[in-house]
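Heavy-atom basis, side chains included; hydrogens, waters and symmetry copies ignored.
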Amino acid sequence: MSAAFTTRVLNISSGSAERVVDLTGDCEGFLREAADGRDGLLNIFVPHATAGIAIIETGAGSDDDLLAALHTLLPADDRWQHRHGSPGHGRDHVLPAFVPPHATLPVIDGRLELGTWQSVCLVDTNKDNPQRKVRLTFLAGA
């Protein structure tokens with residue numbers, strides 16, 4: 001693998017409850033090693049059909065507000081045609097249409113370029129799958 005392209009897979013235990021998991025520290029740690037002070041792009045990708053990546057404020061209630069909004073938008077009831085797993089699990093398969101499974105962010109001088117209150121988060125509403133993989137990829141600029 002060239003030094004211009006570096007990747008790492010995180011193994012995240014999201015548990016058996018709906019969660020917003022802050023990955024910002026993991027992203028920053030990866031970039032300290034992979035970017036080595038360079039500019040480029042960080043891509044975050046979750047290869048699961050029932051989880052997404054969000055850039056959102058955490059710790060002030062916004063993460064809980066996001067889960068509440070998803071409950072309103074995608075209720076966990078029997079309306080879904082996809083019917084295996086926990087009751088309402090079909091909504092988990094619709095989630096990535098609203099919270100995409102990826103994000104690409106700028107890296108400047110080896111540091112993630114986020115706004116003051118922004119965090120990189122895994123959004124996982126699937127209580128049936130407590131283990132997630134998240135792929136971080138740094139692509140260095142020319």
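The two residues C121 and V20 have their closest heavy-atom pair at CB-CG1, 3.6 Å. Closest non-hydrogen pair, I12 versus V134, comes out as CG1-CG2, 4.0 Å. Summarising the geometry of L67 relative to T125, their closest heavy-atom pair is CD2-CG2, 4.3 Å, with the distance given to 0.1 Å. Between Q131 and N129, the shortest heavy-atom contact is O-OD1, 2.9 Å. Closest approach of D128 to G85, counting heavy atoms only: OD2-CA, 3.4 Å.
Side-chain contact between H93 and Q81: absent, with no pair of heavy atoms (C-beta onward) separated by less than 4.5 Å. Inter-residue side-chain proximity for T7 and F138 is flagged as unmet; no heavy-atom pair is nearer than 4.5 Å.
Once rounded to the nearest 0.5 Å, the distance linking CG of L114 with SG of C27 reads 8.0 Å. How far CD of E18 is from CG of L66: 10.0 Å, rounded to the nearest 0.5 Å. Distance check: I44 CD1 to F30 CZ gives 9.5 Å after rounding to the nearest 0.5 Å. The line from NZ of K127 to OG of S16 is 8.5 Å long, rounded to the nearest 0.5 Å. Rounding to the nearest 0.5 Å places NE2 of H89 at 15.0 Å from CG of D78. Rounded to the nearest 0.5 Å, atoms CG (L42) and OG1 (T6) are 11.0 Å apart.
Put simply, L95 and L73 are part of the same group of oily side chains (I, L, V, M, F, W, Y) that touch within less than 4.5 Å, one to the next. Cluster annotation: F98 is not connected to L122 through the hydrophobic network of ILVMFWY side chains, with a link wherever side-chain heavy atoms come within less than 4.5 Å.
Within the 3.5 Å criterion, the main-chain N or O of L74 finds a donor-acceptor partner in the side chain of R91. Between the side chain of R38 and the backbone N or O of A34 there is at least one donor-acceptor pair closer than 3.5 Å. When atom types are taken as modelled, the side chain of T104 and the backbone of N43 share no donor-acceptor pair closer than 3.5 angstrom. Of the possible donor and acceptor atoms, one in the side chain of W80 sits under 3.5 Å from a partner among the backbone N and O of P75.
Salt bridge R111/E28: absent, no basic N to carboxylate O contact under 4.0 Å.
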Requested in this report: Evaluate side-chain contact (heavy atoms from CB on, under 4.5 Å) for L105 paired with V120, printing each intermediate quantity in order.
Outcome: CA-CA 10 Å; L105 302 170; V120 179; 3.6 Å; yes
Pair up each side-chain donor or acceptor in residues 45-58 with any protein partner under 3.5 Å, not counting sequence neighbours, and list the distances.
| unit_1 | atom_1 | unit_2 | atom_2 | d |
| --- | --- | --- | --- | --- |
| H48 | ND1 | R132 | NH1 | 3.3 |
| H48 | NE2 | K133 | N | 3.0 |
| T50 | OG1 | N126 | ND2 | 2.9 |
| T50 | OG1 | R132 | NH1 | 3.3 |
| T50 | OG1 | R132 | NH2 | 2.8 |
| T58 | OG1 | D22 | OD2 | 3.3 |
| T58 | OG1 | S119 | OG | 3.4 |

